[in-house]
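Please read the structure below before turning to the comments.
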There are 2 protein chains.
Amino acid sequence: MTEIKEITTNNAIDQFILYWGDMGGQWGVNRSVAQIHALLFLSTKPLNAEQISETLGIARSNVSNSLKELVSWKLIRRVPIQGERREHFEAETDVWEMAMRIAQGRKEREIDPAAAALNECVAKAETEAGIDPVVLERLRDMQQFMDTTNRWYVQMLGVPKSQLNRLMKMGDKVLSVLKFAGKKMP
Amino acid sequence: MTEIKEITTNNAIDQFILYWGDMGGQWGVNRSVAQIHALLFLSTKPLNAEQISETLGIARSNVSNSLKELVSWKLIRRVPIQGERREHFEAETDVWEMAMRIAQGRKEREIDPAAAALNECVAKAETEAGIDPVVLERLRDMQQFMDTTNRWYVQMLGVPKSQLNRLMKMGDKVLSVLKFAGKKMP
DNA sequence: CTGTTGTTTCTGTATAAACAGAAACAACAG
DNA sequence: CTGTTGTTTCTGTTTATACAGAAACAACAG
C-alpha cells in the first residue's frame with residue numbers, strides 16, 4: 001500500500017480512498033475519517049491503528065480519534081486478533097447495512113435535534129401574542145412535514161435490507177400498484 | 001424586526017431564523033444563506049436586499065451573494081414590485097416543494113459527481129491487474145447501490161407532492177400492500 | 001516496581017471557509 | 001453627460017475546523 005497522500009495515484013484503491021475522503025468532506029464527515037473508512041472498507045483483512053496511520057500518512061492520534069468516531073457510527077468494529085495485543089478493526093462491507101447505519105446516525109445527530117428545535121419554536125409562536133397567523137401556519141406546516149418525514153424515516157430503517165432493495169428497485173411503480181389517483185408530473 | 005444577532009432573542013421568528021441558520025451550517029449551507037432563507041420563508045411580504053441586510057445584520061455584499069445562491073437552488077424567486085426600482089425576493093413556502101428543490105440541488109451538486117467518481121474507480125479497477133476479486137466485488141456493490149439509490153431518487157423527484165405525501169404517510173404499510181415476503185425486522 | 005507498548009487527551013499550528021467593507025460596475029433619471 | 005441608486009465582484013480579515021506532535025495516561029510483562 002502506497003502513501004496515498006502523494007500526487008501520483010494510479011491504482012483504483014488509492015483513488016477510491018481519495019475520492020471517498022473528500023466526498024466525506026462535502027458531507028459532515030472530515031477527510032481523515034472518510035479515508036480511514038474507505039481503507040477499511042476495501043481491506044481484505046482487519047487493520048490496526050498503526051498500519052492505518054502509516055498507510056494513509058495520518059497522525060497516530062488522528063487515526064485513534066477517527067476510529068473512535070467510526071465505531072460510534074457502527075461503520076467499523078473492533079476485532080480481536082489471535083496472539084496480537086493491539087486492537088484491529090474491520091469495516092461493515094454490506095453496503096445496505098452501511099447506508100442504514102449512516103442514516104441512523106444522521107437521524108440521531110441532526111434530524112432529531114432539528115425537529116426538537118422546531119417544536120420549541122412552534123410552541124413559542126403559539127403562546128406569542130401578535131404573531132401573524134400566516135407565519136404560524138408556515139411554522140406548523142414545516143413542523144408537520146418534519147414529523148411525517150421523520151416517521152417515514154424510522155419505519156424505513158426498520159425494514160429488512162432485502163425488502164428495501166426491492167422497494168427501491170420498483171421506484172415509482174409502487175404508485176401504480178397502490179392505484180393512486182392522478183398522473184405522474186402534474 | 002429586531003437585529004437578530006443580539007443575544008436576547010425572545011420571539012419565535014428570530015429563534016427560528018437562528019436555529020435554521022446553524023442547522024444549515026450542519027448541512028452544506030452556510031449560516032448567512034440559511035438565515036436569509038428562514039427570514040424570507042417567514043416573511044409575509046417580499047423583501048429587498050437592503051431590508052434583509054439590516055434585519056439580519058449581514059453585510060450587503062454577503063446578502064447579495066446569498067440571494068444569488070438561494071435563487072440558484074430555486075428556494076426563493078425575484079419578485080418585481082410595482083413602482084419599486086430594486087429587486088424583491090420571496091421564498092417558496094410550500095414545504096414539500098421546498099424539500100424537492102433541495103433534494104434536486106443536492107443530487108446535482110453532490111450525488112451525481114460522487115457516482116461519476118465511483119464509476120471511474122470501478123472502471124480502473126476492472127482493467128487493473130492484480131486487484132483482489134473481493135475488493136473488486138465491494139467496489140461493484142457500492143456502485144450498484146449508488147445506482148439503485150440514484151434511480152429511485154430521480155423517480156421520487158418526479159412524483160407529485162400529494163402522492164409523495166400519501167406514500168410517506170403510509171410508511172412501512174406499503175410493504176404489506178405489496179405483499180412482500182418476510183416479516184418486519186428480521 | 002520499572003520498563004515497554006499501546007491508547008487517549010491536550011495544545012499549538014496550518015488550512016480553508018465565511019464574511020465585511022471597499023471598489024468596480026450597470027442602469028437610469030435629469 | 002453627470003449624478004444617483006442599486007448590484008456584483010474583489011480583497012483582506014476573522015473565525016472555525018482539521019490536524020500533527022507532544023504529553024499524559026493505562027495496561028501489562030517481567
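Below, chains carry the letters A, B, ... as their sequence lines are ordered, and counting in each starts from 1. The shown structure was predicted, so the numbers you read here are calculated from the model rather than taken from an experiment.
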Non-hydrogen side-chain atoms of B/W96 and B/M168 separated by less than 4.5 Å: yes
Find the distance A/E69:CD to D/dT17:P and express it as a whole number of Å. 13 Å
Lys/Arg N to Asp/Glu carboxylate O, B/R101 vs B/E97, below 4.0 Å: yes
For the residue pair B/L40 and B/L75, establish whether any side-chain heavy-atom pair is separated by less than 4.5 Å. no
Would you kindly give the CG-to-C1' distance between A/N30 and C/dA16, to the nearest whole Å? 13 Å
For DNA chain C, write out the stems as range with range, using runs of 3 or more consecutive Watson-Crick or G-U pairs with both distances under 3.5 Å. C:1-30 with D:1-30
For the pair made of CZ in B/R31 and C1' in D/dT15, what is the distance, rounded to whole Å? 10 Å
Do the side-chain N or O atoms of B/S32 get closer than 4.0 angstrom to the phosphate oxygens (OP1, OP2) of C/dC19? yes
Hey, are the side chains of A/H88 and A/K45 touching, using non-hydrogen atoms and a 4.5 Å cut-off? no
When you check every protein heavy atom under 4.0 Å of nucleotides 5-10 of chain D, what one-letter string (B, S, -) results, 5' to 3'? BSBBB-
Residues A/L18, A/Q35; criterion side-chain contact (heavy atoms from CB on, under 4.5 Å); working and verdict: CA-CA 7 Å; A/L18 244 28; A/Q35 284 192 352; 3.9 Å; yes
Show me the donor-acceptor pairs within less than 3.5 Å that the side chains of residues 102-112 of chain B make with the rest of the protein, sequence neighbours left out.
unit_1 : atom_1 : unit_2 : atom_2 : d
B/Q104 : NE2    : B/E108 : OE2    : 2.8
B/R106 : NH2    : B/E110 : OE1    : 3.0
B/K107 : NZ     : B/D112 : OD1    : 2.5
B/K107 : NZ     : B/D112 : OD2    : 3.3
B/R109 : NE     : B/G105 : O      : 3.3

Using a 4.5 Å cut-off on heavy atoms from C-beta on, say whether the side chain of B/L139 contacts that of B/Q143. no
So do A/K173 and B/Q155 actually touch side chain to side chain, heavy atoms under 4.5 Å? no
